[in-house]
Amino acid sequence: MTKVLIVTGPTASGKSRLALDLARIYPIEVISADSMQVYRYMDIGTDKATLEERKTVPHHLIDIKDPDEAWSVEEFQQRARVAINDISSRNRLPCIVGGTGFYIRALLYDFPLEDAPPNPEFRHRMKALAKLKGRITVHEMLRNIDPESYQGLHPNDLKRVIRAIEYYQATNRPISARKHQARCSIYDAMMIGLEWKRQELYEKIENRVEEQFQRGLINEVKNLMKMGYTRDLPSMQGIGYKEVCWMLEGLITEPETKEILKRNTRRFAKRQFTWFAREEGIIWLPFGKHTSQSKLLNQVQILIDDWLLA
RNA sequence: GGAGGGGUACCCAAGCGGCCAAAGGGGGCAGACUGUAAAUCUGUUGGCAGACGCCUUCGCUGGUUCGAAUCCAGCCCUCUCCA
């Protein structure tokens, strides 16, 4: 099986930095598992590795889309797998770095996604129906075709309700059946997670937001808007971008923007904690403001050396 | 000094005799997640208990009443206007 190194953890936990350090020891190439770093011109808000850093170590799946281009887990899955093959065929070690747990799951396991592509017209129709007749009506459509999803999905969870119906229409099978497929990894993966105490991470997040403002987050968003990328784009819904959009539209002041951005980032980190908590196979290494980077590196090195030999 | 308004749970804010541990929102906490996932959705939020339930709350003190966040009196804060 192809060996794949994974570095994950909540936002602001120091994943990119660790990857960069590892690159000095191992012949790795980074594949970003980050749903926002794929977009060009969004650098400060997504906290991308700098251009210089990316020159030292090859980075894949960063800056590959314009902010108004479509992007999805499925495309991530395909392209990341291609990248993995490419990297390991050149006898280098693929290193997945990112905090988008869904992406990592879709990548690592036998996780079929190609059987029911999204159907925008259908979604549009269903959304209109929900508006006209209520979300419950749409939810009810699931009752017979996919009782398990009907049970498990809240009527308000329109996106997923519609997707479940869409999936059934495309495949004639309930989407819930996919959950029951045993999860089997298709790579020899070494998963390292950076574990932080909640409070310390939150402090780190607040500092990072301040830095982002100093580094010119506002200008970055202004430029994006100048290029014609509007607030309704999924990319512009990213944390940091939507808040600054509100500010530029005069809805909130700058201090308010910072506070809201800090809060939204904290909440995001919490959602990541929740996700990772039930993800199996991650080796969590304690990290925090008092942990030295070299100590962390040593720990990681021991793990990786062991795994590489096995 | 005079006239009027207001003090409700972490915050804002409804309630104005019993159905009130108290609507709604914010924030907090927790959870879900198989096609834009930094998105989206859900639950919970005085204390104790697994549960029937028990205990402490609506500025403070006292009163009316079978019963008060809701009525009365005094006091303390606070806001607007007039002087």
Side-chain angles (χ1 to χ4, degrees), chain A residues 10-12 32-39 42 44-48 65-79 98-120 122-123 127 130 135 139 146 148-149 151-168 170-171 173-183 198-199 202 205 208-209 212 217 231-245 256 259-279:
Chain A
T11 187
S32 157
D34 186 299
S35 63
M36 286 291 147
Q37 295 192 356
V38 294
Y39 296 113
M42 305 179 87
I44 299 170
T46 65
D47 214 33
K48 268 179 211 162
K65 292 281 178 183
D66 282 335
D68 58 353
E69 285 186 274
W71 176 249
S72 66
V73 219
E74 197 227 351
E75 194 174 346
F76 168 79
Q77 187 191 50
Q78 283 176 2
R79 295 182 69 155
T100 306
F102 187 33
Y103 282 13
I104 294 175
R105 189 188 285 174
L107 174 64
L108 245 40
Y109 302 99
D110 180 29
F111 201 88
L113 282 170
E114 59 296 314
D115 48 358
N119 180 341
F122 178 76
R123 290 183 182 187
K127 263 188 230 162
R135 295 176 169 203
H139 185 242
D146 184 351
E148 188 180 341
S149 294
Q151 283 286 323
L153 254 24
H154 189 103
N156 282 350
D157 204 348
L158 231 208
K159 265 192 181 183
R160 291 199 178 82
V161 171
I162 292 178
R163 165 98 270 244
I165 302 170
E166 177 185 87
Y167 184 89
Y168 183 82
T171 64
R173 278 173 290 136
I175 197 169
S176 50
R178 300 212 289 205
K179 282 184 215 170
H180 301 303
Q181 293 164 2
R183 212 176 270 177
R198 193 76 72 83
Q199 205 41 52
Y202 284 0
I205 285 171
R208 190 178 73 178
V209 168
Q212 286 174 324
L217 215 214
R231 203 179 80 185
D232 49 283
L233 254 22
S235 56
M236 294 295 270
Q237 293 295 310
I239 293 174
Y241 296 92
K242 62 166 172 288
E243 293 85 353
V244 173
C245 281
E256 283 168 343
E259 279 320 298
I260 293 172
L261 177 47
K262 287 173 186 176
R263 191 195 68 204
N264 287 348
T265 311
R266 270 185 254 124
R267 300 221 265 227
F268 171 48
K270 167 58 177 71
R271 270 177 273 134
Q272 290 177 304
F273 279 121
T274 304
W275 177 282
F276 288 129
R278 55 205 295 268
E279 206 65 14

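Computed from heavy atoms alone, side chains included, the values below leave out hydrogens, waters and symmetry copies. Not measured: the values here are computed from a predicted model. Proteins come first, then strands; the chains are lettered A, B, ... in the order of their sequence lines, and each starts at number 1.
Rounding to whole angstrom units, CG of residue A:L108 and P of B:rU34 are separated by 18 Å. The distance from atom CG of A:L153 to atom P of B:rU42 is 11 Å, rounded to the nearest whole Å. To the nearest angstrom, C1' of B:rU42 lies 13 Å from CZ of A:R271. The interatomic distance linking A:D232 (CG) with B:rU40 (P) rounds to 13 Å, in whole Å. For the pair A:E114 CD and B:rU34 C1', the computed distance is 12 Å after rounding to whole Å. In this entry the distance linking NZ of A:K159 with P of B:rA39 reads 9 Å, nearest Å. Straight-line distance from the CZ atom of A:F273 to the P atom of B:rA38: 15 Å, rounded to whole Å. In this structure, A:Q77 places its CD atom 13 Å from P of B:rU36, rounding to the nearest Å.
Every residue two or more places apart in sequence or in another chain that forms a ring-ring contact (aromatic ring centres under 6.0 Å, His included) with A:F276 is listed here: A:W284. Residues that satisfy the side chain to side chain donor-acceptor pair (under 3.5 Å) test with A:T171, not counting sequence neighbours, are absent from this structure. Every residue was checked against the ring-ring contact (aromatic ring centres under 6.0 Å, His included) condition with A:Y241, not counting sequence neighbours, and none meets it.
Ion pairing of A:E148 with A:K179 is absent here, as no side-chain N (NZ or NE/NH1/NH2) approaches a carboxylate O to less than 4.0 Å.
Each of A:H154, A:K159, A:R160 was compared with A:D157 under the side-chain hydrogen bond (donor to acceptor under 3.5 Å, both in side chains) criterion, and only A:R160 meets it.
Nucleotides B:rG24 and B:rG18, compared at atom C1', are 23 Å apart to the nearest Å. A distance of about 15 Å separates the P atoms of B:rA68 and B:rG59, rounded to the whole Å. Nucleotides B:rC66 and B:rG53 place their C1' atoms 23 Å apart, quoted to the nearest Å. Spacing of P atoms, B:rA22 relative to B:rG6, comes out at 25 Å, to the nearest Å. Look at the C1' atom in both B:rC58 and B:rA3: the space between them is 28 Å, to the nearest Å. Comparing B:rA13 with B:rU80, their P atoms are spaced 15 Å from each other, to the whole Å. When the C1' atom is used for both B:rC20 and B:rG15, the distance is 9 Å, rounded to whole Å. Taking atom P on both nucleotides, B:rA69 is separated from B:rG63 by 16 Å, rounded to a whole Å.
At least one donor-acceptor pair closer than 3.5 Å links the side chain of A:D34 to the backbone N or O of A:M36. The closest donor-acceptor contact from the side chain of A:R135 to the backbone of A:N156 lies under 3.5 Å. Within the 3.5 Å criterion, the main-chain N or O of A:S35 finds a donor-acceptor partner in the side chain of A:T100. A donor-acceptor contact shorter than 3.5 Å links the side chain of A:K48 to the backbone of A:M42. Judged by distance alone, with hydrogens and angles left aside, the side-chain atoms of A:Q37 form no donor-acceptor pair with the main-chain N or O of A:G98 at under 3.5 Å. Remark: the backbone N or O of A:G99 is paired with a side-chain donor or acceptor of A:Q272 at under 3.5 angstrom. A donor-acceptor distance shorter than 3.5 angstrom exists from the side chain of A:Q77 to the backbone of A:A106, with no hydrogens or angles considered.
Between A:S32 and A:F76, the shortest heavy-atom contact is O-CE1, 3.3 Å.
The CZ atom of A:R263 sits 11.0 Å away from the CD atom of A:E256 when rounded to the nearest 0.5 Å.
If you check every strand for non-hydrogen atoms under 4.0 Å, A:R278 touches sugar and phosphate atoms only. Heavy atoms of A:E74 sit under 4.0 angstrom from at least one base atom. Contact annotation for A:G45: base contact, defined as any heavy-atom pair under 4.0 Å involving a base atom.
Residue A:T11 places no side-chain N or O under 4.0 Å from the OP1 or OP2 atom of B:rA38. At B:rC41, none of the side-chain N or O atoms of A:N156 fall inside 4.0 Å of OP1 or OP2 (strictly under the cut-off).
Lacking a ring centre under 5.5 Å from that of the base six-membered ring together with a plane angle below 30°, A:W275 does not count as stacked on B:rC33.
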Give RNA chain B the dot-bracket treatment, 5' to 3': Watson-Crick (N1-N3 with N6-O4 or O6-N4) or G-U (N1-O2, O6-N3) under 3.5 Å, [ ] crossing, | other strand. ((((((((.[[[..)..(.....]]]((((((.......))))))(((....)))...[[[[[..)....]]]]]))))))).
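Listed by residue number, the members of residues 98-107 of chain A with any heavy atom below 4.0 angstrom from RNA chain B are A:T100, A:F102, A:Y103. Of the residues in residues 261-270 of chain A, those with a non-hydrogen atom less than 4.0 angstrom from any atom of RNA chain B are A:R263, A:R266, A:R267, A:F268, A:K270.
If you check B:rC29, B:rA38, B:rA32 against the side chain of A:R160, the one that comes closest is B:rA32. In the set B:rA37, B:rU36, B:rU42, B:rU42 carries the atom at the smallest distance from any side-chain atom of A:H154. Side-chain proximity of A:I175 to B:rU34, B:rA38, B:rU42: nearest is B:rU34.
If A:Q272 and A:R163 are placed on RNA chain B by their nearest nucleotide, the residue sitting closer to the 5' end is A:R163.
Judged by distance alone with a 3.5 Å cut-off, no donor-acceptor contact links the side chain of A:D157 to the base of B:rA32.
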